[in-house]
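In what follows, a single structure is set out as structure tokens and then discussed.
Position 1 is the first residue of the sequence, and the numbers go up from there.
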Amino acid sequence: MLFNSIEFLLFLPAVFFLYWLIFKKIELQNGLILIASYVFYGWWDWRFLSLILLSTIVDYTLALRLKKNKNNLQRKYLLWTSIIFNIGLLGYFKYYNFFIDNWIQLWATFDIKMHESSLNIILPVGISFYTFQTLSYTIDVYRNKLEPTKNFIAFASFVSFFPQLVAGPIERASNLLPQFFIKRKFEYQLAKSGIKLILWGMFKKIVIADNCAIYANDIFSNYNELSGVTLILGAIYFSFQIYCDFSGYSDIAIGTARLFGFKLMRNFNYPYFSRDIAEFWRRWHISLSTWFRDYLYIPLGGSKGSKFQQIRNVFVIFLVSGFWHGANWTFVVWGGLNALFFLPLLLTNNNRKNINITSENKLFPSIKELGQIVFTFTLTTLAWVFFRSETITDALNYLRLVFSNETFLKLNYLSTIERFSFEIIFLLPILLLYEWFYRKEETPFNGKFQLINETIILLLLLVFGIYSNYSNFIYFQF
């Protein structure tokens with residue numbers, strides 16, 4: 001079920017009214033959330049509900065055994081059982097064909113023909129998210145940072161919580177799970193802030209992301225025929241498409257959770273105003289970045305040790321992050337590029353330089369700050385070309401044509417064939433201005449001019465929203 005669908009528009013108020021008016025006891029509310037979450041997920045394909053249930057049962061059982069067992073060796077066996085199960089589940093459904101196909105191609109380089117044995121495996125929506133969520137629960141119990149719960153319904157509701165089930169934020173059990181044991185009362189201000197987040201998220205998804213997608217898809221599909229200027233536009237369109245698509249989903253998820261009295265972590269913090277790559281990754285997909293930091297980067301040694309070890313740890317994190325996004329070498333290259341962009345900051349000890357709000361207490365950025373923002377956006381946009389392309393060859397050819405004299409100097413890039421959009425040129429500055437002037441706030445609907453801003457966004461949703469063929473959120477495929 002999509003957030004931007006008619007089904008969800010009917011589903012959400014139905015669950016909301018049952019939750020607050022009928023199911024007033026916490027046990028009944030948790031049960032309703034569990035049923036609603038399974039309906040929400042099963043709307044896509046009910047068969048894969050068995051995977052969520054299996055993952056829930058395995059980590060629920062292992063966590064309880066970890067608590068009871070005091071033998072360090074046996075506790076490690078239990079932890080590795082959870083790791084192998086969750087990573088194995090993710091690996092089979094997400095990467096099986098990738099490894100088989102690459103194994104066949106490897107032998108083909110030596111003129112040895114291998115039997116084609118790829119399977120038509122469907123990637124379950126959200127599997128990368130809920131496997132990481134349950135895995136972090138078991139790890140935290142193993143580290144004695146969290147008490148395991150004996151309440152299966154509460155734990156199953158935590159794993160399958162429908163607002164953030166299929167595309168995050170990837171919640172920690174230490175934050176979300178205890179909220180299932182606290183008596184929840186309807187809080188008007190919390191619900192109001194949730195509705196504001198939903199509205200802002202819908203604007204980013206339906207108005208910005210879906211409009212950008214039309215032109216970005218056309219440009220990347222026909223890049224061989226287009227000018228260098230158009231290819232630059234295509235890369236910029238995709239940069240805003242993926243940002244508004246994913247952050248829009250996160251805003252809707254966080255806002256929806258607040259309607260039911262839950263508080264989820266923030267997942268995006270205006271990343272395109274970052275002054276360097278390190279700051280960008282502190283503001284982009286925060287739940288995943290902090291997950292890798294706590295469960296991979298720090299166990300590897302983090303920023304301690306020699307420079308070689310620090311560099312190794314950075315590359316491991318970014319390459320694994322890239323591979324987490326999809327079974328394609330383009331994602332690995334994307335991760336590697338971000339590691340390379342991060343490297344100069346690490347070597348000069350400047351990776352923690354920009355931790356405050358950009359141009360704090362200033363109306364506009366300085367020339368230096370503006371240059372840093374533009375440069376960082378350029379680097380991330382360059383990397384997004386690999387993320388969006390079907391193959392590494394496509395990405396390299398795309399970038400080559402951007403800088404090719406023959407294509408760059410074409411003057412017909414404003415034509416319809418060249419995929420120029422006056423709507424996007426009008427809408428993107430509105431997005432940027434709102435985010436800039438309200439960068440200290442969650443949404444533009446906080447602070448001054450709330451009613452005016454809400455009216456403007458509603459009008460933009462009505463006039464420019466894409467409703468005729470609502471599209472999936474990009475991160476559903478991960």
Side-chain angles (χ1 to χ4, degrees), residues 3-4 12 16 161-164 167-172 175-176 179 184 186-209 240 242-275 279-290 354-365 373 427-461 465 473 475:
F3 282 160
N4 55 328
L12 181 59
F16 177 84
F161 191 41
F162 74 88
Q164 46 88 228
I170 303 171
E171 273 296 339
R172 306 298 178 83
N175 175 48
L176 181 56
Q179 296 183 55
R184 297 179 288 275
F186 181 77
E187 298 179 34
Y188 174 75
Q189 290 301 325
L190 184 65
K192 182 180 177 182
S193 68
I195 292 172
K196 289 179 180 181
L197 273 170
I198 293 171
L199 177 61
W200 183 239
M202 285 293 187
F203 166 74
K204 286 195 284 187
K205 165 60 179 172
I206 297 173
V207 176
I208 304 296
F240 282 99
I242 192 168
Y243 166 58
C244 290
D245 190 284
F246 192 21
S247 69
Y249 181 95
S250 294
D251 288 343
I252 299 168
I254 296 167
T256 302
R258 289 182 185 179
L259 293 179
F260 297 92
F262 290 88
K263 298 177 182 178
L264 303 181
M265 71 179 296
R266 189 172 188 175
N267 212 18
F268 288 84
N269 189 13
Y270 307 118
Y272 285 158
F273 296 142
S274 301
R275 290 152 292 183
E279 184 182 12
F280 174 82
W281 280 104
R282 285 192 294 272
R283 295 174 175 273
W284 178 277
H285 202 173
I286 299 168
S287 64
L288 181 67
S289 300
T290 53
N354 295 311
I355 59 175
N356 60 320
I357 296 175
T358 307
S359 303
E360 192 169 14
N361 300 320
K362 291 192 293 185
L363 188 60
F364 297 106
I373 291 170
L427 291 169
L428 287 184
I430 293 176
L431 171 74
L432 290 171
L433 286 171
Y434 267 128
E435 293 210 333
W436 177 260
F437 288 114
Y438 292 90
R439 63 191 181 281
K440 292 183 180 180
E441 307 289 345
E442 264 190 334
T443 70
F445 313 133
N446 299 326
K448 297 179 179 180
F449 312 114
Q450 293 182 41
L451 183 59
I452 294 173
N453 291 337
E454 289 165 1
T455 303
I456 291 172
I457 294 302
L458 282 170
L459 286 173
L460 291 172
L461 274 165
F473 289 82
Y475 266 66

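Looking only at side-chain heavy atoms (C-beta outward), Arg184 and Gln179 stay at 4.5 Å or farther from each other. Put simply, the side chain of Leu431 reaches to within 4.5 Å of the side chain of Cys244, judged on heavy atoms. Side-chain contact between Leu197 and Ile252 is absent, with no heavy atoms from C-beta onward closer than 4.5 Å. Considering only heavy atoms from C-beta on, Ile286 stays 4.5 Å or farther from Trp281 through its side chain. You'll find the side chain of Leu259 reaches within 4.5 Å of the side chain of Ile198, heavy atoms only. Side chains of Phe445 and Ile195 form no contact here, defined as non-hydrogen atoms less than 4.5 Å apart. Side-chain contact between Trp200 and Pro444: present, with at least one pair of heavy atoms (C-beta onward) separated by less than 4.5 Å.
No hydrogens or angles considered: nothing links the side chains of Asn446 and Tyr438 as a donor-acceptor pair under 3.5 Å. Side-chain polar atoms of Asn267 and Tyr249 form no donor-acceptor pair below 3.5 angstrom. Asn361 and Lys440 form a side-chain donor-acceptor contact under 3.5 Å, judged by distance and modelled atom types alone.
Salt bridge status for Glu279 with Arg283: present, with a side-chain N to carboxylate O gap under 4.0 Å.
Figure legend: cation-pi geometry between Arg266 and Tyr270, with NZ or CZ positioned under 6.0 Å from the six-membered ring centre and within 45° of its axis.
Taken from CG in Leu264 to OG1 in Thr256, the straight-line distance is 9.0 Å, to the nearest 0.5 Å. Rounding to the nearest 0.5 angstrom, the gap separating the CZ atom in Arg258 from the NZ atom in Lys192 is 13.0 Å. Atom OG1 of Thr290 is separated from atom CG of Leu288 by 7.5 Å, given to the nearest 0.5 angstrom. One finds the CZ atom of Arg275 at 7.0 Å from the OG atom of Ser359 (value rounded to the nearest 0.5 Å). Rounding to the nearest 0.5 Å places CD1 of Ile456 at 12.5 Å from CG of Leu461. Atom CD1 of Ile254 is separated from atom CD of Glu442 by 7.0 Å, given to the nearest 0.5 angstrom.
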Notebook entry, point to check: What do the steps show when you test Tyr272 against Phe240 for ring-ring contact (aromatic ring centres under 6.0 Å, His included), and what is the final call?
Noted result: CA-CA 9 Å; Tyr272 285 158; Phe240 282 99; 5.5 Å; yes

Next item on the list: Show your working on side-chain contact (heavy atoms from CB on, under 4.5 Å) between Arg172 and Met265 and close with a plain yes or no.
Entry: CA-CA 9 Å; Arg172 306 298 178 83; Met265 71 179 296; 5.5 Å; no

Item checked: Test log, rule side-chain contact (heavy atoms from CB on, under 4.5 Å), inputs Phe437 and Phe364 -> CA-CA 9 Å; Phe437 288 114; Phe364 297 106; 3.9 Å; yes

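Taking the six-membered ring where tryptophan is involved, the planes of Phe280 and Trp284 are essentially parallel, since the angle between them stays under 30° and well short of 60°. Under the 30°/60° scheme for interplanar angles, the aromatic rings of Phe16 and Phe260 are found to stand perpendicular.
Other residues, nucleotides and ligands place more than 12 heavy atoms under 6.0 Å from the CZ atom of Phe186.
Pairing each heavy atom of Pro169 with each of Ser287, the nearest pair is CA-OG, 3.6 Å. Between Leu432 and Phe273 the shortest heavy-atom distance is O-CZ, 3.6 Å. The heavy-atom pair separating Gly465 from Ile206 by the smallest distance is CA-CG2, 3.4 Å.
Under the side chain to side chain contact (heavy atoms under 4.5 Å, CB included) criterion, Ser247 pairs with Lys204, Tyr243, Phe268, not counting sequence neighbours.
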